[in-house]
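Written below as structure tokens is the structure these notes are about.
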Amino acid sequence: MRLVFAGTPDPAVPSLRALIDAPQHDVIAVVTRPDAPSGRGRTLSRSPVGEVADEAGIPVLTPARPKDPDFLDALRALAPDCCPVVAYGALVPRVALDIAAHGWVNLHFSLLPAWRGAAPVQASVRAGDDITGATTFLLEEGLDTGPTYGVVTEAVGPADTAGDLLGRLAVSGAALLVATMDGIADGTLYAKPQPSDGVSHAPKVTTDDARVDWAAAPLAVDRLVRSVTPAPGAWTTFRGERLGLGPVRAADGELPTLKPGELHVEKRRVLVGTAGGPLVLGEVRPVGKRAMAAPDWARGVRIEAGELLA
């Protein structure tokens with residue numbers, strides 16, 4: 001099939017590469033978000049998907065909005081059979097959805113109808129799911145509500161961060177997307193309506209959402225931190241300044257009684273109190289500094305007895 005691929009960030013790259021390598025399909029163009037400022041110099045940079053398309057010599061379209069008339073005209077001129085989508089980052093209007101003969105087929109990183117929305121992997125980790133996965137479905141104007149083609153499942157490990165899990169799903173989901181394109185092309189695969197039960201939602205995770213509440217249970221703190229690693233990144237405050245946090249872990253051995261947020265420094269670990277007992281801090285990142293092991297940080301700031309992470 002003639003494909004126009006839509007995607008933007010790193011997790012979409014395995015799918016684009018897999019479709020480029022699929023002999024039965026031809027990626028004739030790529031749609032991605034416009035070049036954006038990055039780095040200290042704030043120079044304009046191509047998206048990861050756009051960079052791969054450039055390397056492969058595939059034309060790249062970067063509309064400010066998918067409803068822009070110039071973009072719609074360009075898409076009509078390309079006359080795609082299908083538009084596979086992975087984390088494109090913009091709502092696609094009905095007028096664009098109707099251009100491709102087989103519509104736009106989205107790879108979503110959850111087992112729909114669970115975790116519809118912008119942050120399904122983060123939501124799955126925070127909820128403590130044992131199993132998640134990816135789903136291909138026919139894009140429509142509703143939020144991840146379209147009929148589905150196929151799924152792939154993935155176990156969620158007890159130490160998985162959202163980044164770990166998304167990395168694996170990006171690879172297994174790429175194979176699913178290629179298989180879905182194959183099935184649509186040869187007429188053996190048809191979309192089926194999503195079930196009406198089991199619907200849950202995963203809105204975009206904000207920086208405020210990533211702030212740790214030390215009055216929560218240890219398991220809840222652990223899941224929150226892992227769910228926002230690497231982005232937007234868990235954080236707390238210490239002595240009035242923001243402190244970034246890497247994943248924490250359960251504490252063993254003889255443990256002190258600590259108030260929520262209270263710090264206790266030992267030779268090889270730093271404990272922090274929660275509502276159900278201490279946790280061990282992993283890496284921390286003070287403002288303007290690199291990430292470092294919590295014991296190294298604690299020695300540098302000379303934590304006093306009774307000091308708190310707020």
Side-chain angles (χ1 to χ4, degrees), residues 1-8 11-32 49 52-53 56 58 66 75-76 78-88 91-117 120-121 124 131-155 165-166 168-200 202:
M1 290 195 296
R2 290 168 52 84
L3 305 179
V4 172
F5 180 87
T8 298
V13 167
S15 288
L16 175 56
R17 291 194 187 279
L19 289 169
I20 290 173
D21 292 340
Q24 62 273 47
H25 303 295
D26 182 16
V27 180
I28 57 175
V30 161
V31 182
T32 192
V49 162
V52 172
I58 298 171
L75 191 61
R76 292 187 187 98
L78 289 166
D81 295 311
C82 191
C83 294
V85 191
V86 186
Y88 170 46
L91 293 176
V92 182
R94 169 55 59 187
V95 63
L97 295 176
D98 290 340
I99 290 174
H102 294 284
W104 294 52
V105 175
N106 191 48
L107 172 66
H108 183 76
F109 296 118
S110 81
L111 298 176
L112 290 172
W115 305 129
R116 293 173 176 170
V121 176
S124 184
I131 298 291
T132 186
T135 305
T136 48
F137 72 97
L138 185 64
L139 203 63
E140 56 183 30
E141 289 181 289
L143 180 63
D144 303 331
T145 57
T148 63
Y149 288 101
V151 300
V152 62
T153 60
E154 182 73 36
L165 186 55
L166 184 56
R168 299 200 303 272
L169 287 171
V171 174
S172 60
L176 172 64
L177 186 59
V178 172
T180 300
M181 294 296 104
D182 293 347
I184 292 173
D186 62 25
T188 61
L189 189 60
Y190 300 92
K192 300 178 181 179
Q194 294 184 32
S196 57
D197 58 339
V199 175
S200 53

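No experiment lies behind these values; they were computed from the predicted model shown.
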Does [Y] offer a backbone N or O that forms a donor-acceptor pair with the side chain of [X] under 3.5 Å?
{"X": "S124", "Y": "P120", "value": "no"}
{"X": "W104", "Y": "A6", "value": "no"}
{"X": "T8", "Y": "T32", "value": "no"}
{"X": "R116", "Y": "G142", "value": "no"}
{"X": "S200", "Y": "A114", "value": "no"}
{"X": "T132", "Y": "S110", "value": "no"}

Under 3.5 Å side-chain donor-acceptor pair for H25 and D81: no
Q194 and T145: side-chain donor and acceptor closer than 3.5 Å? no
If you measure from CD on E154 to CG on L169, what distance do you get to the nearest 0.5 Å? 5.5 Å
What distance separates M1 CE from D186 CG, expressed to the nearest 0.5 Å? 9.0 Å
Which heavy-atom pair separates [X] from [Y] by the least distance, and what is that distance?
{"X": "A56", "Y": "I20", "answer": "CB-CD1, 4.1 Å"}
{"X": "A18", "Y": "V178", "answer": "CB-CG2, 3.6 Å"}
{"X": "L165", "Y": "A155", "answer": "CD1-O, 4.1 Å"}
{"X": "G103", "Y": "L138", "answer": "CA-CD1, 4.2 Å"}
{"X": "L75", "Y": "A96", "answer": "CD2-O, 4.1 Å"}
{"X": "H108", "Y": "W115", "answer": "NE2-O, 2.9 Å"}

Check whether any side-chain heavy atom of [X] sits under 4.5 Å from a side-chain heavy atom of [Y], and report yes or no.
{"X": "V49", "Y": "F5", "value": "yes"}
{"X": "M181", "Y": "V105", "value": "yes"}
{"X": "V30", "Y": "L16", "value": "yes"}
{"X": "N106", "Y": "D144", "value": "yes"}
{"X": "P80", "Y": "H102", "value": "no"}
{"X": "R76", "Y": "V95", "value": "yes"}
{"X": "T136", "Y": "T148", "value": "no"}
{"X": "P84", "Y": "L19", "value": "yes"}

Using a strict threshold of under 4.0 Å (side-chain N to carboxylate O), is an ion pair present between R17 and D21? no
So with a 6.0 Å cut-off around CG of L91, is the heavy-atom count from everything else above 12? no
Evaluate the criterion side-chain contact (heavy atoms from CB on, under 4.5 Å) for residue pair V92 and L139; output intermediate values, then yes/no. CA-CA 9 Å; V92 182; L139 203 63; 4.1 Å; yes
Using side-chain contact (heavy atoms from CB on, under 4.5 Å), reason through D182 and L189 one step at a time and then give a plain yes or no. CA-CA 8 Å; D182 293 347; L189 189 60; over 6 Å; no
Quick one, L3 with C83, criterion side-chain contact (heavy atoms from CB on, under 4.5 Å). Give me CA distance, side-chain angles, the key distance, then yes/no. CA-CA 6 Å; L3 305 179; C83 294; over 6 Å; no
Can V86 and L177 be said to form a side-chain contact (heavy atoms from CB on, under 4.5 Å), step by step? CA-CA 9 Å; V86 186; L177 186 59; 3.8 Å; yes
